[in-house]
Each structure stands twice: as structure tokens, then as C-alpha cells.
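So the structure is just underneath, and the comments pick up after that.
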Amino acid sequence: MRTMKFYWATFFVGILFAGYLLYGNRLITSAVNLSPKSTDSAAVLFPSPTETRYTMRLYLDPSTRILYGDTLLSTTNTSGKPLNDLWFTAYPNAFQQMQGTPAPSEAYYAGFNPGWLEFDEISFNGQKAEYTNGGVSVQAYLPVDVMPGQKMEIHLVWKALVPRVAYRYGTRDGVYMLGNCYPLLNVLDESGWHNSYNSLFGDPFCFPCADYMVELNVPDFYTMVCTGINKTPIIDDNGRQTYVIQAQNVRDFSLALMYDYTVLQKNMDKITVDCYVPKAKEEQAGPILDRTTDILRYFNRSLGSYPYPDFKVAFVPMKGFHGMEYSGLIFLSQDFLEPNGQKENSDFVLAHEVAHQWWYGIVGNDQIKEPWLDEGLANYSAYKYLQKTENIAPPNNALQEGTNLDRELRDMYSRQDYYLTAYSGGEAFWFGLEKELGEDTVNRVLRRYLADYRFKIANSQDLLDVIRKEAHRDMDGYFYKWFQVKPGA
């Protein structure tokens, strides 16, 4: 076992959250039933956002590219039944082998280089727990059953190797992109555990909201950007610095460490918008910061209030994605800063990633089983922004009308199939709904969907029920076009 050296002041004393926010829970289902949902079925979800907090200490050693972590996860058994095991997502394990990595070959700038996450210890309420490290999903066996309503503290001591790859989890050119870098407790509902698996495309995640308290210790030459609010770093006398970070009611916690970067800033509706950019690219980043502020203002006023005090954009050397969303933070490829970029396409990608703050961040969904829910809505919202602000006509979705949306990642046979289903098919559903009901009714649907499932996890059935309520008419004919075929049928 490696020894972690933390040069920090007392961690667990003096920094407390003001309290838990009061939000309810909803049931996730894996298949779409075109009949209205019964209103007297009890919703059961574990872990509950209002009961869950991650207290983490992180320490990066750039000489080995290892991120050391110490996590105290506090939650309550809200599943309604005894628990004898827990499942976690350990996303860095997706990068262990070349034949299974989600990163494209062009992202491996120096040939294949592995990444992984290993546990030194898992304990429950002070007792050691055995576990099976099965790759992206890790099963921990509880030493005693946890009864409904019982509080629990899970202590995780772990380390993760950051691969040399230009991806959402990886490092290149002095930049560490640490998306989904820590072990995260999976969702359990009446259908079972919603466990991640290795997928060559898409976002294989289903995350509930939680509170985070993080201490991050890194060399003092790095600029840091992350989910949440961070205090001025404490400078150590050994060339390192410690950040204290707090994030409340967020879908995930993500960060990036960057060398030779600068920060541009604007304010919008009492929200601070920060843009992290290489120092040589400040001039190119200015217009993108302005556009980000405009997009955030548009969605803030048309969809509903953005829930956090700040929003951050970080330009990173990332391949395979033009952008990637996290709570309160998006990564954008540095290709955005090149002078030959197409403005309209860049504006669309930027609007899509910002829209994910609502469709993924505020309203969560199982991105493994129902990727169309957030991706289709983010696409639709981005096109509506361009239509309203730039008078750019939305795409012709005739070819995608009637796409079978009831498919999960493992049912899609290629990256192209994934994009045609979740993105193009998802946006076509919404533009088709406009033709059926009119734009004003669709806007009411979106506002009600956001209000009813704010900081919860919704599913397709939840959304269809909201549409029925706002449409005040029989919608089964329209729904059947998009959900008539079930996976495996």
C-alpha cells in the first residue's frame, strides 16, 4: 500500500454544509409503457440526494500521474429494503486495455497508455468490507446488512492512474482532465442497480445529486478549475497548494489542472462566468466567453433559473468530443480556438453543452438506458437558441421521424448509430412534438418537466406523463411512433 502525504490543516472540523436541500425522489424504469403511470406507486431511490455527501481528500503526484484519494461517503438506506452490497462506478478502469478503451486512437498521442483505479481499502461503519473489482463497476460486500432508514458511512481509500491520452479522463501538454475520476456510488431502485459498463461511445452513467466537500492538494504551478466553489488555495512550503472546495446538490464533481493558463471572467444575472484558456489564446477565447454568457442568459430565462453561483468553461486538449458536460463546468476542445473553425457549428456545440446544465445536471436521467432523454433535449434546446437569437432554421428531421428511442447503449452497434438515435432521433422527437402541439405547449412541457424533476432522476415514462398533462389530449398515437419497438423484441 502506498502512503499518501497530505500537508493540510484539520479536514473534518470547521467546514460544514449549511444543511441538506429538500428534494424528493422518483423511480427509474428501464422500459417505456405507453399507458399513464399509476399515481399511487411509491417512488424508491437510493442513494437519496438529500441524504448523501462525499467528503474527499485528493492528492496528485505528477511524477507518477497517480491521483490518491480518501473518500468518506455518508448516506442513508432509502431503498426500502435491507442492503447487503453496494455498487460503485470506477470509470478510470475503462482505460485499462487498448481493445476496450472509450478514447479514440487519435487521442493516444504517444501510443496506447493505460489508466486504472484501485482500492486500498473499503470499509463500512468502521468494519472492513470485501469487494470485487470487476472493471468499471465495483461490488462491495457489506459486513452486516443495512436496514431501511439506517445511516451509513463508507470509507474508500483509492488511487487512480491518469493515462497519457487527450480525453475527458487523461493528461496531455501539462493539462490533467479529471472527469469522473473518483469512485461514485451507483443508483438502486425497484428494478435493481443501475450499474455502468464499458462502452466505446456515449456516457455510461446514472448519477444522483449529492453534496461534496473536497480538499485538493496539487503542485503550486497548476491552475485549477472544478465543480463548486473553492477558496483561495493554502500555499504549502514544499511547492504545493491546497484547495478547499464545496459543491451542494450537484450531479457530479469534476476538475481540471492546467499549466500556463489564464482566466477570463464575466458576470450575468448574478452568475460569474469563468473561461480557462491557454495564455497564448486569450484573444480567441474572448468571443467564446461572450457567447457562453449569452447562451447561459437565454436558457436561464427561457427554461428556468440556473441553480449555482458560477459557471465555468475550460479549453482542454481533448479528442473524441467537441465538448463534455459536468455540473457547473464544461470542457471544450482547444480546436474551438483555431481560426478556421466554423462559427455556426461551434455555437451549436457550445449551446448543446450549456443546455446539459438543465438536461443532465438539474434533471438527471439514466444515460446508459435512455441516452436520448438528455442528448435529444440538449440538441433541441441548442437549435432553439440558434433559431431565436441568430434566426438559423432548425434542421429537417424527416429522416429521423419515428426513430426507436427505447434503446440503451449496449443495443447500439456503432458510434454513428448512437448519434442517430440519441441526438438526431431525440431532437426529432421534440420538433415533431412542436408540430403536434405547438411551440407554446412544448415550452410548458419543458418548464413542468424541469420543475417536477429538479435534482431528481427522470425517465421516459415520467416525461411522457408530463406531456400528456400539458397536451390535454390523447398522445398515444404520437408516442407509439417513437417507442413501438422494445430492445430485444
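Quantities reported herein were computed from a predicted structural model and do not represent experimental measurements.
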Within the 3.5 Å criterion, strictly below it, is a donor on Asn379 or Tyr419 matched to an acceptor on the partner's side chain? no
Rounded to the nearest 0.5 Å, the CZ atom of Phe483 sits from the OG1 atom of Thr403 at a distance of 10.5 Å
Is the closest side-chain heavy-atom distance between Asn93 and Asn133 below 4.5 Å? yes
Going from CG on Asp274 to CD1 on Ile271, what distance comes out if it is rounded to the nearest 0.5 angstrom? 12.0 Å
Step by step, work out the side chain to side chain donor-acceptor pair (under 3.5 Å) result for Tyr385 and Ser302. CA-CA 10 Å; Tyr385 164 78; Ser302 63; over 6 Å; no
Stepwise side-chain contact (heavy atoms from CB on, under 4.5 Å) check, His322 with Phe331: CA-CA 8 Å; His322 297 297; Phe331 292 169; over 6 Å; no
Pair Arg473 + Glu436, salt bridge at N-O below 4.0 Å: yes
For a quick test of reading the model, state the closest non-hydrogen atom pair linking Ser327 to Thr227 and the distance between them. O-OG1, 2.9 Å
Ignoring hydrogens and geometry, is there a side-chain-to-backbone donor-acceptor pair from Asp476 to Tyr480 under 3.5 Å? no
Should Asp85 and Tyr131 be marked as a side chain to side chain donor-acceptor pair (under 3.5 Å) after you check the CA-CA gap, both sets of side-chain angles, and the distance that decides it? CA-CA 9 Å; Asp85 66 352; Tyr131 60 91; over 6 Å; no
Under a 4.0 Å threshold between the charged nitrogen and the carboxylate oxygen, would Arg454 count as salt-bridged to Asp452? no
Before giving the answer on salt bridge (Lys or Arg N to Asp or Glu O under 4.0 Å), spell out for Lys384 and Glu427 the whole-Å C-alpha distance, their side-chain angles and the decisive distance to 0.1 Å. CA-CA 11 Å; Lys384 296 303 291 185; Glu427 76 190 36; over 6 Å; no
Is it the case that Trp158 and Thr71 place a side-chain donor and acceptor less than 3.5 Å from each other? yes
From His472, Glu470, Met475, Arg444, residue fulfilling side chain to side chain contact (heavy atoms under 4.5 Å, CB included) relative to Leu437: Met475
Measuring only between side-chain heavy atoms, which start at C-beta, is Leu332 closer than 4.5 Å to Leu350? yes
In the structure I gave you, are the side-chain heavy atoms of Leu73 and Met152 within less than 4.5 Å of one another anywhere? no
Begin with the C-alpha distance, continue with both residues' side-chain angles, and end with the deciding distance and a verdict on ring pair (Phe, Tyr, Trp, His ring centres under 6.0 Å) for Phe315 and Tyr276. CA-CA 6 Å; Phe315 290 97; Tyr276 292 74; over 10 Å; no
Nearest atoms (heavy-atom pairs only) where Asn249 meets Tyr308: O-OH, 2.8 Å
Between Asp462 and Lys456, does at least one N-O distance fall below 4.0 Å, as a salt bridge requires? no
Inter-residue atom distance Phe336.CZ - Ser346.OG, 0.5 Å rounding: 5.0 Å
I would like to know whether Ser381 and Trp359 meet side chain to side chain donor-acceptor pair (under 3.5 Å); could you show each step before the answer? CA-CA 9 Å; Ser381 299; Trp359 317 123; 3.0 Å; yes
State whether a side-chain donor-acceptor pair under 3.5 Å links His194 with Asp189. yes
Has the side chain of Arg415 got a donor or acceptor atom that lies under 3.5 Å from a matching backbone atom of Leu200? yes
For residues 172-182, please give each side-chain donor-acceptor pair under 3.5 Å, one per line with the distance, not counting sequence neighbours.
from   : atom 1 : to     : atom 2 : distance (Å)
Tyr182 : OH     : Tyr212 : OH     : 2.7
Tyr182 : OH     : Phe253 : N      : 3.1

Classify the side-chain pair Tyr141/Thr132 by whether it contains a donor and acceptor separated by less than 3.5 Å. yes
Check the side chains of Asn443 and Arg448 for a donor-acceptor pair under 3.5 angstrom, ignoring hydrogens and angles. no
Compare every heavy atom of Tyr167 with every heavy atom of Lys319, then report the nearest pair and how far apart it is. O-CD1, 3.3 Å
Does a donor on one side chain and an acceptor on the other come within less than 3.5 Å for Glu353 and Tyr326? no
Using the side chain to side chain donor-acceptor pair (under 3.5 Å) rule, take Thr52 and Thr75 through it: C-alpha gap first, then chi angles, then the decisive distance, then the call. CA-CA 4 Å; Thr52 306; Thr75 190; 2.9 Å; yes
Would Tyr91 and Arg168 count as having a side-chain donor-acceptor pair, cut-off 3.5 Å? yes
Any chance CD of Gln416 has more than 12 other-residue heavy atoms, nucleotides or ligands included, within less than 6.0 Å? no
For Ile368 and Pro204, which heavy atoms make the closest approach, and how far apart are they? CG1-C, 3.3 Å
Taking C-beta and beyond as the side chain, do Ile392 and Tyr383 meet within less than 4.5 Å on heavy atoms? no
Please determine whether side-chain contact (heavy atoms from CB on, under 4.5 Å) holds for the pair Asp294 and Tyr298, giving the CA-CA distance in whole Å, both sets of side-chain angles, and the decisive distance to 0.1 Å. CA-CA 6 Å; Asp294 290 341; Tyr298 173 81; over 6 Å; no
How about Arg53 and Ser74: does a side-chain donor come under 3.5 Å of a side-chain acceptor? no
Tell me, do Leu161 and Arg65 make a side-chain contact under 4.5 Å, heavy atoms counted? yes
Modelled atom types, side-chain donor and acceptor of Trp372 and Ser460, under 3.5 Å: yes
Do Phe46 and Val187 have side chains that approach each other closer than 4.5 Å (heavy atoms only, starting at C-beta)? no
Verdict with reasoning, Tyr478 to Phe429, per ring pair (Phe, Tyr, Trp, His ring centres under 6.0 Å): CA-CA 9 Å; Tyr478 182 75; Phe429 173 91; 5.5 Å; yes
Using the ring of each side chain (for Trp, its six-membered ring), is His352 parallel, tilted or perpendicular to His356, with breaks at 30° and 60°? perpendicular
Less than 4.0 angstrom from a charged side-chain N to a carboxylate O is my criterion; do Glu325 and Arg251 meet it? no
Side-chain touch Val214/Leu58, heavy atoms, less than 4.5 angstrom: yes
Restricting to non-hydrogen atoms, name the atom on Val363 and the atom on Ala458 that form the minimum distance, rounded to 0.1 Å. CG1-CB, 4.0 Å
Hey, does Ile330 have a side-chain heavy atom less than 4.5 Å from the side chain of Gln357? yes
Check the side chains of Thr78 and Thr76 for a donor-acceptor pair under 3.5 angstrom, ignoring hydrogens and angles. no
Under 3.5 Å: donor-acceptor pair, side chain of Trp116, backbone of Ala160: no
Nearest non-hydrogen partners of Arg410 and Tyr197, listed with the distance: N-OH, 3.1 Å
Would you find more than 12 non-hydrogen atoms of other residues, nucleotides or ligands less than 6.0 Å from Lys435 atom NZ? no
Given side-chain contact (heavy atoms from CB on, under 4.5 Å), test Asp310 with Val273 step by step and report yes or no. CA-CA 6 Å; Asp310 62 3; Val273 183; over 6 Å; no
Can Asn459 and Glu370 be counted as having a side-chain donor-acceptor contact under 3.5 angstrom? no
